[in-house]
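One structure below.
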Amino acid sequence: MTTERYNPREAEPRWQKYWTENRCFEAREDASRPKYYVLEMFPYPSGRIHMGHVRNYTMGDVIARFRRAMGYNVLHPMGWDAFGMPAENAAIERGVHPKAWTYENIAAMRAQLKNMGLSLDWSREIATCDPDYYRHEQAMFIDFLKAGLVERKVSMVNWDPVDHTVLANEQVIDGRGWRSGALVEKRELAQWFLKITAYSDELLTALDGLTRWPEKVRLMQKNWIGRSEGLRFSFALETADGKPLDERLTVYTTRHDTIFGASFCAISADHELARHLSEKDEGLAAFRREVAALGTSEETIERAEKKGHALGLYARHPFRKDVRLPVYAANFVLMGYGEGAIFGCPAHDQRDLDFARKYDLPVLPVVAPKGTDPASFTVGSEAFIEKEGDNTVLINSDFLDGMSVPAAKAEIAKRMEAMGIGERRVNFRLRDWGVSRQRYWGCPIPVIHCAACGIVPVPKDQLPVTLPEDASFDKPGNPLEHHPTWKHVACPSCGKPAKRETDTFDTFIDSSWYYARFCSPHADVPVTPEAARYWMGVDQYIGGVEHAILHLLYSRFYARAMTATGYLDVKEPFESLFTQGMVIHETFRTLSGEWVLPADAVNQDGKWVHATTGEPLEVGGVEKMSKSKKNVVDPDEIIARFGADTARWFMLSDTPPERDIEWTEAGAEGAWRFTQRIWRLVNDAAAHAGGSDA
RNA sequence: GCGGGCGUGGCGGAACGGUAGACGCAACGGACUUAAAAUCCGUUUUCCGUAAGGAAGUGUGGGUUCAAGUCCCACCGCCCGCACCA
């Protein structure tokens with residue numbers, strides 16, 4: 001029995017040094033051994049690692065070590081998702097250059113990760129803000145452009161009139177810019193889009209093949225893509241006094257069975273027809289402005305009352321000669337979905353019902369439970385929506401009477417197709433991916449706008465288009481736009497003065513292909529075919545569920561786009577996905593509501609008080625670690641006190657990896673004792689075996 | 001509103017329809033120590049009982065079954081995602 005104790009402060013650096021010096025974790029392609037690619041979502045270099053990183057990277061590390069022990073050739077790389085707003089905010093607030101800020105943070109975090117004893121291949125480290133990384137992103141974008149996977153179009157954006165920039169939906173709080181506090185406007189802006197919708201169907205159906213992904217994530221993506229089967233058809237239009245118009249009104253519906261219950265049509269305020277008519281109708285123009293001012297945040301949508309503005313036009317009912325439907329511009333019709341126009345059937349759609357009650361439109365039920373007397377079946381303030389399994393039939397619907405809903409849909413579709421006014425159509429909720437950002441700290445979009453030649457891609461031999469270092473951040477708006485010289489270039493096509501695109505890419509692009517770059521991080525192509533063939537796809541991907549849709553969907557699209565342009569030959573980048581739970585911790589606050597560090601809370605006779613002020617404290621919930629709630633625990637402190645192995649052991653042993661883990665002082669101490677026990681066990685066994693090599 | 005998930009000791013959590021609470025943490029008792037830490041041994045679902053033992057018990061209420069934490073129905077609570085998508 002030894003009385004020695006394990007000293008991580010001595011042992012951990014010694015082993016970490018050994019691993020580095022002997023390049024223990026550097027991966028090389030080796031066709032004679034089976035490969036295993038384990039990847040954790042790479043971090044944003046905020047400056048310090050947090051407990052979530054510790055948990056995430058420990059899980060990946062254990063898998064990497066396990067697979068190595070099994071004889072696999074393991075690739076386990078690390079890099080930095082290094083472009084983004086916080087670096088630019090630091091520049092605005094503290095005058096630090098985003099590049100300097102970012103690389104300082106990277107250095108600090110790299111040291112922290114090394115202290116964690118992770119078996120990472122640091123020879124493959126990449127940072128997305130490195131021109132040697134983003135030049136490939138630019139080259140691929142140009143090829144995507146040629147392949148028709150990129151589009152420039154005008155779209156509605158959240159515009160901050162004070163900061164002169166587009167804001168993401170998440171940056172709009174209560175209709176105001178999160179930074180400036182200015183009321184956000186909807187504005188039309190020409191933006192670059194990646195045509196992810198070209199893959200809607202495939203991204204959806206291929207989900208079934210991702211059997212090693214969490215069901216939850218697959219379902220979330222499925223709902224996000226949002227496939228619906230319906231009918232697109234058009235109404236003949238006429239004026240109030242019955243004069244027919246040349247143009248027709250095209251709508252999209254999944255409830256064509258309810259056509260006999262239609263009592264109005266509604267178009268989006270942004271619909272072409274509404275724009276056109278508003279030129280001569282000041283009331284309509286005012287209505288459109290009102291809708292635009294409302295913003296797009298969830299709360300405003302929820303609170304907004306259904307409102308419309310009658311256009312003075314009427315749509316002829318396709319099957320009832322005596323019926324015509326008033327056409328409105330309405331605030332609840334979205335331009336981005338379907339045709340931006342609907343027919344309203346109030347009896348069977350709650351929104352349509354609210355609208356009909358407000359404008360006193362007829363409510364005619366056309367679907368009812370089987371056996372109901374059509375004459376006595378009425379709809380009050382709640383629309384009758386049939387649920388799956390309900391036994392319902394069509395009523396008040398001429399030739400559809402008595403049919404089931406699916407039969408009625410089929411009949412209407414058939415008739416409209418025969419009449420040449422409609423067609424069955426599959427619609428998706430998924431939109432194209434707007435990737436333009438009016439920001440400095442991102443990858444420059446490699447195109448040039450020429451008055452004569454239009455949009456001209458930067459020739460590949462002139463890549464990368466690098467960011468100017470001497471940008472200034474003292475004015476609101478895009479520093480690239482303000483830069484005195486950077487944007488002025490000669491057109492690569494005609495040589496005349498032209499203007500460089502000053503928008504940069506959405507940083508989600510950077511993270512949509514980094515997994516491929518890790519296969520050959522120093523190559524002069526995005527990824528070499530040999531390396532990709534050997535290492536791709538990622539055998540185990542690990543990260544937070546908060547990326548279930550955006551990052552993981554974009555990456556799936558990007559792999560397809562790269563495959564379509566010959567850069568890759570893999571459609572699904574991540575063969576197996578694991579989403580780990582969050583790290584949570586107790587919270588405390590004073591009676592006046594200020595958050596207090598858990599370390600400052602002490603329990604006196606069953607009551608919590610502040611350790612130094614003695615102020616009584618309220619116990620808050622156990623919540624995700626966040627600076628604002630002051631319940632973060634710094635991994636560095638834990639590693640300094642107990643060593644990395646203890647922190648790692650606690651993260652793995654306390655709670656199943658997919659669930660939220662509560663960080664507790666007692667749990668950490670328990671993990672520390674356990675680490676000691678293991679060490680003694682091994683040390684004693686070694687002593688008995690006649691040697692000691694701790 | 002729509003979709004999904006989860007409710008078991010003080011805590012993390014185990015239980016092919018077959019002894020509920022494995023294993024671990026914490027806590028408590030004991031040993032060792034001048035003392036503490038560490039370590040080792042033991043106790044630990046709740047209630048009654050000195051004990052032997054008994055009773056209750058997996059969010060709530062029903063049901064299926066020889067047998068239910070597990071299967072079915074209804075409800076309650078919490079969490080997550082989407083949300084005026086026609």
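Lettering of chains follows the sequences in order, A, B, ..., and the numbering in each one begins at 1. Note that the structure is predicted; figures quoted are calculated from it, not measured.
- Of the P atoms belonging to B:rA22 and B:rG42, the separation is 15 Å, rounded to the nearest Å.
- Comparing the C1' positions of B:rA38 and B:rU33 gives a spacing of 11 Å, expressed to the nearest Å.
- Within the nucleic acid shown, A:Leu334 comes within 4.0 Å of at least one base atom, counting heavy atoms only.
- Among B:rC82, B:rA86, B:rC80, the nucleotide with an atom closest to any side-chain atom of A:Ser228 is B:rA86.
- B:rG9 has its base syn relative to the sugar, with a glycosidic angle deviating from 0 by at most 90°.
- Closest contact between the side chain of A:Pro656 and the listed nucleotides B:rC80, B:rC85, B:rA14 involves B:rA14.
- A gap of 16 Å separates the C1' atoms of B:rC78 and B:rU8, to the nearest Å.
- Nucleotide B:rC16 forms a pair with no other nucleotide shown, judged by Watson-Crick or G-U wobble geometry with both contacts under 3.5 Å.
- Ring centers of A:Phe650 and A:Phe642: at least 6.0 Å apart, outside the cut-off.
- Look at B:rG7: its Watson-Crick or wobble partner, with both distances under 3.5 angstrom, is B:rC76.
- For the OP1/OP2 pair of B:rA86 and a distance below 4.0 Å, the side-chain nitrogens and oxygens of A:Tyr252 include no atom meeting the criterion.
- Separation of the C1' atoms belonging to B:rC82 and B:rA20 is 38 Å when rounded to the nearest angstrom.
- Atom P of nucleotide B:rA83 and atom CG of A:Asp349 are separated by 18 Å, given to the nearest angstrom.
- Comparing the P positions of B:rA52 and B:rU43 gives an interatomic distance of 13 Å, to the nearest angstrom.
- In this structure, the nucleotide among B:rC84, B:rC40, B:rC85 sitting nearest to the side chain of A:Arg677 is B:rC40.
- Nearest to the side-chain atoms of A:Leu219 among the listed nucleotides B:rA26, B:rA83, B:rG3 stands B:rG3.
- Comparing B:rC85, B:rU39, B:rG81 by their nearest atom to the side chain of A:Tyr337 picks out B:rC85.
- The side chain of A:Asn331 approaches B:rC84 more closely than any other nucleotide in the set B:rC82, B:rC84, B:rG13.
- Look at the P atom in both B:rG57 and B:rG5: the space between them is 29 Å, to the nearest Å.
- OP1 and OP2 of B:rC11 both lie 4.0 Å or more from every side-chain N or O belonging to A:Arg659.
- Atom C1' of B:rG21 sits at a distance of 37 Å from the matching atom of B:rC2, rounded to the whole Å.
- Among B:rC84, B:rG3, B:rU39, the nucleotide with an atom closest to any side-chain atom of A:Arg351 is B:rC84.
- No contact: A:Val545 has no heavy atom under 4.0 Å from any strand.
- No option in A:Glu417, A:His256, A:Glu229 other than A:Glu417 meets the side-chain hydrogen bond (donor to acceptor under 3.5 Å, both in side chains) test with A:Arg424.
- Nearest-nucleotide positions on RNA chain B for A:Met220 and A:Asn223 put A:Asn223 closer to the 5' end.
- The pair A:Arg641-A:Glu665 meets the salt-bridge criterion, with a side-chain N (NZ, NE, NH1 or NH2) lying under 4.0 Å from an Asp/Glu carboxylate O.
- For B:rA86, neither phosphate oxygen OP1 nor OP2 lies less than 4.0 angstrom from any side-chain nitrogen or oxygen of A:Arg232.
- Atom CD of A:Glu623 and atom P of B:rC78 are 15 Å apart (whole Å).
- Looking at A:Arg431, its side chain comes within 3.5 Å of the base of B:rC85 through a donor and an acceptor atom.
- Within the 4.0 angstrom heavy-atom criterion, base atoms lie near A:Arg429.
- Proximity note for A:Thr253 (side chain, C-beta onward) versus B:rC80, B:rC84, B:rA86: the nearest is B:rA86.
- Residue A:Arg673 places at least one side-chain N or O under 4.0 Å from the OP1 or OP2 atom of B:rA38.
- Base pairing of B:rG81: its partner is B:rC2, meeting the Watson-Crick or G-U wobble criterion (both donor-acceptor distances under 3.5 Å).
- Relative to the six-membered ring of A:Phe287, A:Lys307 misses at least one condition, a distance below 6.0 Å or an angle of at most 45° to the axis.
- Salt-bridge formation is detected for the pair A:Asp61/A:Arg65: a Lys NZ or Arg NE/NH1/NH2 atom is positioned less than 4.0 Å from an Asp or Glu carboxylate oxygen.
- Remark: the separation of the C1' atoms in B:rG69 and B:rU60 is 15 Å, to the nearest Å.
- Taking the six-membered ring for Trp and thresholds of 30 and 60 degrees, A:Phe377 and A:Phe384 have ring planes more than 60 degrees apart, a perpendicular arrangement.
- Nearest-nucleotide mapping onto RNA chain B: of A:Asp660 and A:Gly226, the residue sitting toward the 5' end is A:Asp660.
- When both distances must be under 3.5 Å, the Watson-Crick or G-U wobble mate of B:rC28 is B:rG42.
- Ion pairing between a basic and an acidic side chain is recognised when a charged N comes within 4.0 Å of a carboxylate O; A:Asp432 and A:Lys153 show such pairing.
- Nucleotide B:rU58 forms no Watson-Crick or G-U wobble pair with any nucleotide shown, as no partner meets the under 3.5 Å limit on both distances.
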